[in-house]
Structures are given as C-alpha cells and as structure tokens.
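One structure is given below, encoded as structure tokens.
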Amino acid sequence: MCGIVGYTGEQAALPILLEALKRLEYRGYDSAGVVVLDGELTLHKAKGEIRELENVLPDLPGTLGIGHTRWATHGAPSQHNAHPFVDCTGKLALAHNGIIENYGVHKEALLAKGHKFTSETDTEVVLHLVEDAYEGNLEEALRAVLSRIEGAYAFALTHADEPRKLVVARRDSPLVLGLGTGENLFASDVPALLRTTSKVLYLMDGELAVLTPEEVRIQAPDGSAVDRKPEVVTWDVEDAERGGFPHFMLKEIFEQPEVIHATLLGRLSDFENLEILRGADRVQLVACGTSYHAALVGKYILEEIAGIPASAELASEYRYAARSDGKPLVVCISQSGETADTIGAAREAKRRGSRTLAVTNYVDSSLTREVDESLYTRAGLEIGVAATKTFTAQLVALYILALRLGILRGTLTPDEARKWTEEIRALPRAVQAVVDNAPAIEALAREFSQVRDMFFIGRNVNFPMAMEGAHKMKEISYVHAEGYAAGELKHGALALITKETPVVALLPQDHTYQKMIGNVGEVSARGAPVVAIGYEGDEELEKYVDATIRVPWVRSIYSPVVNVVALQLLAYYTARERGCSIDKPRNLAKTVTVE
Ligand code: M6R
C-alpha cells in the first residue's frame, strides 16, 4: 500500500498536499515526494517519513500538485525510488499506488527507445509509456496506456502543457475524489480530503477522472461520461483515519481481502526469483508470537504443497537448542522485521552456516539487512498491537513459498501448481465472506464475553489456529484462553473443562473432521458450551455444537486463512464488550526489540 494525493485550485498546493500525506502515512512511510506545477514542475523527494520531506522542502508557490507516501514493493526505499516521477521531457509527472505486473517487458522496449529511467520501480514504465502516447491530451494518453498494463493501480498524473488539470485512474487500488469550491482534489483515502472538503466521490474500478479547479469529470472504462452523485462524509478527521471503524484493529481485519490480493499480486504467474530456494532440502521456520503461529502453519503448508520436510521453532528458544540437523534453509517470519528474538535467531542461523530468508512486511527493516534474501508481505501499516492483516499476509507468503519450492523441486507438476494457484486466487473473496458475517460473530461474542476461561481446539493445520485464536483472545480481551491440539485435551486439560469454559472448535470438513467431532463430544459431555467454526453447507455440525460461525469452503490447507479471520472477529468483539483498550492492550508493545 502507498498513499497518493493531488490538488488543483486557488490555494498554494504544497501545504494541502503535506497535510493530506500525513493522513495517509498509515499506508506507507518509507519515502515520500511531491511535485508542484508553477509554470514548470518542481519535484522534491526524501527517504523516510513525511517530516523528512518537510525538512528539505522550500516554499513552493504553485496551485496544483501531486504527493505520494511510499511502502516499497519494487525497488528499495530510497530517495530515487520515491514517487512522483518526472519524464524525460520534464513536463509530465506521475505517482502510483499498486503494482504493475508486466513492467519488465515494457521496460526493455522503453530502454531500447532511449528513455532514461531514474528508479528501479515498476511504476516508472507507465510514466514513459504515457510520455510516448502524449499528443496534447493527458487523459487520452493515459487511457491508451491503461489497456497495455497488467496489475493494480491508482495513478495520478499532471502535464505542464495542461497546467490546471489532474488525471487519475484506478483498478484494484482505492481512490476518492474531493469536491471543493474553485478547488478539487483526490486521495487514496477519505481522511486526507477532510481538511478541504467533506463532499466526496468514490472512483470505481476501471474508471478515469479529470480534475480542474472548476470541475470533476469521471469516465467509464469505455470512455463514456459517468454521472455520480457526491456523498457527504460526516466523520471527523480522527474517525476517518480509522475509516469510520471504532478501532484500527477492526479496520485492519476488514482490510484483509485487499491485503491478500496485494500480497499475491504478480507472484503466482511470474514467481519472484528466490535464488535462495535452490538446493533447499529442509526448512526451519523461526518466529515469535502470532508470527510463530504462521510458522507452525507454514510447516504443514510446505510439507503438503512442496513435499519438503519442515519444522517450526520459537525464535527465543532457537539459539539455545543443541543442533544435529545440518544446514536447513532458515525462514525468519516477522511482520515488523525488528523483533530482537527473531533477529537473534537469524544471526544464529547464519553462524551455523544456514542460508536465511525473511518473510516480513518492512522492506528496510533490521531483519532484512541480516538475512540473505527477503519475501515481502504487502499488508501496509498495521497500527493495532494485535497482528491481524500481517498474519494472513504471512500465510499467503508461505503458500507462495511452498508453490515456488514445489515447482523448483519437481514435487508439483504444472497441472498441480495451476490447481493450487487457482484456489489461492479465490481466498480474497472467501475472506470477504467472513468479514461480511461480522454481525453474527458480534452477537455470539456478546453471549460469551463475561467468561473467565476459554479453550480453542483444532487439529492438523488448524491446531496452530487454535493457538492463534487463544492468543488473540488473551492479548486484547484479557480472557484466559488456551489453544490445544484437540487430541491432547484428554491427556490433561480436560480436567479444566466445565460448563463455565466455552470451547471454540475449528471444524473444517477434512480428514480430521470425524476425530474433531469426537473431541467436541468429550467437552460437551463435561457441560462446556461449544462454538464451532465450520464450513457453509455442513448440515451435520448443528447436531454436535451449541453455536456455529460459518466460513466458506476452501481446501483444508487454506482453511487457516478463513478461520483466523473469524477468530480475530470473535476476540475483537469480546474485547469490545468487556470495554478493553483494543488497539493498545495493557503491557504489550507492537514491536518487541528486547530479548
Ligand atoms: O513483528 P513480529 O511479527 O516479529 O512480532 C512478533 C510478536 O511480537 C507479535 O506477533 C505479537 O505476538 C503480537 N502482539 C500478536 O498479535
């Protein structure tokens, strides 16, 4: 995720752009830039947060400009990879939020034509394509280029020869237009507009819009005019930053379909060149907290999809264990990339002669500097202390890794790889169905919110999900919760089960189903109320449990992705019912930089 903003009107553009960019910083903050038009384009960029950019900015008088705050995907965070970009003529500027999948082929052709690139980004190819297509009408040039590119985008462009005009277009990346009097603007999200106007128009997928100070024109994908009524936003700026949600955690839970889509983008058809995977014959996954639960799921994913032996280990324990297991590929998972235990484990793995790969959400983190290679999730900034969208993005990264390994090792045939890939592509829709079911989960949470203890049970790939469900419940609602492998209860913890201890059972219809039903019977017989998370269409389920949360059918190995979203919502609504400080739970920090 990145944030883009643009303004055209009577006022100086720069202060408006900077204020708006600060409201978008949650979408990315590894570098930022602005371009302002005042007869000619003036461009300023800086690595780091918006205030780093502010520190290097002179006063710029123009009344039209574009700004960008970046979360790197292609090309490291740096001043030269920061947006916007200005073309070879110095007259055209462009900023982008998204990923261009087929940038490689265009780049070769553009270089052969003599275009000068100033960055390693995928975005810059679009700039030079528009430069080539430009014949005095910016929207026409952009429309011609849109048909040639694949991927997700929200683009913002301006051209010095059309000095009052901004052109924007979107597909699979958000964009909102703000309507003022004698001024108009746009941004990736509503909060960035609210200092100027509360009158907004949402741009839809495939649409393009032209903004001048006097008017906003929207065009459908076929170029025809779109007549859409503006909406008036009633949120204040603070509400708007949370997208109208009462907490960042809930907003982040709801962002998961977009995040899964973004993390998959361009990686299924054209696998990243993860050289480090060559020759790997065993994988050790190392992480802490929620990321450790991703590692535990990763073991099942890698063994099932890639047929490669894998194990998961707590980073804080990794360095103390004696080793007799050679030199596996060590995959360190950390959303922040700053967790001291995980960084320590990466160092230790290298000391033992292993190759190391990071799965992280931060391109320029300490962990990425420590390891040999990195695979980035694309979850954007997560503000809630409880990890939600970064966790599902980690699972998606692990599916990508497993597919890549399976293909490399020859354990997956092209047909099998295609089948797995098609099913992964369906995950954003499946997760959307789970978040759409939030009201039912909220009602259920109300019923159980005052309990003291809870158990979560699952088997196989959903055993780690039981642990994650309990982890989420503990950290934000302060209910004592335990995640158990369902088959293990009878070896001890069953002694704690009473009618006062609700049990949440993860019940996908897979090879563990009948055994899980047996375990549900064990706890029901002790009086425990049972909530099942099960598939839509599983008619059997109601016979065995007291309540059900339905999730769409997905292949068992993908079920953690849908199940965890239901678990996150259950924890969230329980915490809300108990009046807890959800985004900042007591005693916890978002990033743990001590061992
Ligand atoms: O940034 P990391 O993924 O390395 O963080 C690891 C844990 O500290 C983190 O997952 C923690 O458990 C969260 N509070 C989970 O919600």
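Bear in mind the structure is a predicted one, so any value in this text is a computation, not a measurement.
In summary, R217 and E139 engage in a salt bridge, as defined by a charged side-chain N under 4.0 Å from a carboxylate O. A salt bridge does not link E124 with K107: every distance from a Lys NZ or Arg NE/NH1/NH2 to an Asp or Glu carboxylate oxygen is 4.0 Å or more. Taking a cutoff of 4.0 Å between a charged side-chain nitrogen and a carboxylate oxygen, K91 and E40 do not qualify as a salt bridge. R170 has a carboxylate O that lies under 4.0 Å from a charged side-chain N of D205, or vice versa, which qualifies the two as a salt bridge.
Applying the 6.0 Å contact sphere to NZ of K474 captures more than 12 heavy atoms from other residues, nucleotides or ligands.
When E252, E258, E255 are each tested for a salt bridge (charged side-chain N to carboxylate O under 4.0 Å, His left out) with K389, only one passes: E255. Remark: of the listed residues V233, L179, T181, L179 is the sole one forming a side-chain contact (heavy atoms from CB on, under 4.5 Å) with K199.
Interatomic distance, CD1 of I333 versus CG of L357, reported as 9.0 Å (0.5 Å rounding).
There is a side-chain donor-acceptor pair under 3.5 Å between Q568 and Q256.
Looking at L18 and I50, their side chains come closer than 4.5 Å, going by heavy atoms from C-beta outward. Residues K22 and T69 fail the side-chain proximity criterion, which asks for heavy atoms closer than 4.5 Å. For the pair V435 and V565, the minimum side-chain heavy-atom distance is below 4.5 Å. Put simply, the side chain of I149 reaches to within 4.5 Å of the side chain of F155, judged on heavy atoms.
Close placement of the H159 and Y134 rings is indicated, their centers lying within 6.0 Å of each other. H128 has its ring centre less than 6.0 Å from the ring centre of F117. Aromatic pair F85/H83: centroids less than 6.0 angstrom apart.
A donor-acceptor pair under 3.5 Å links the side-chain atoms of E382 to the main chain of T390, judged by distance alone. Under the 3.5 Å distance criterion, the side-chain polar atoms of K472 are left unmatched by any main-chain donor or acceptor of T388. Side chain of N81 to backbone of E120: a donor-acceptor contact under 3.5 angstrom is found.
In this structure, R446 forms no cation-pi arrangement with Y573, as its terminal cationic atom is not both closer than 6.0 Å to the ring centre and no more than 45° off the ring axis.
Looking at every heavy atom in both residues, V434 comes nearest to L569 through O-CD1, 4.0 Å. Nearest heavy-atom pair across A386 and I476 is CB-CG2, 3.8 Å. Contact between L41 and G90 at its shortest, heavy atoms only, is CD1-O, 3.6 Å.
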Q | Criterion salt bridge (charged side-chain N to carboxylate O under 4.0 Å, His left out) on K113 and D132, from CA distance to verdict | A | CA-CA 10 Å; K113 278 178 146 182; D132 271 2; 2.9 Å; yes
Q: Take N361 and T377 through the test side chain to side chain donor-acceptor pair (under 3.5 Å) and record every step on the way to the result.
A: CA-CA 5 Å; N361 200 35; T377 52; 3.1 Å; yes
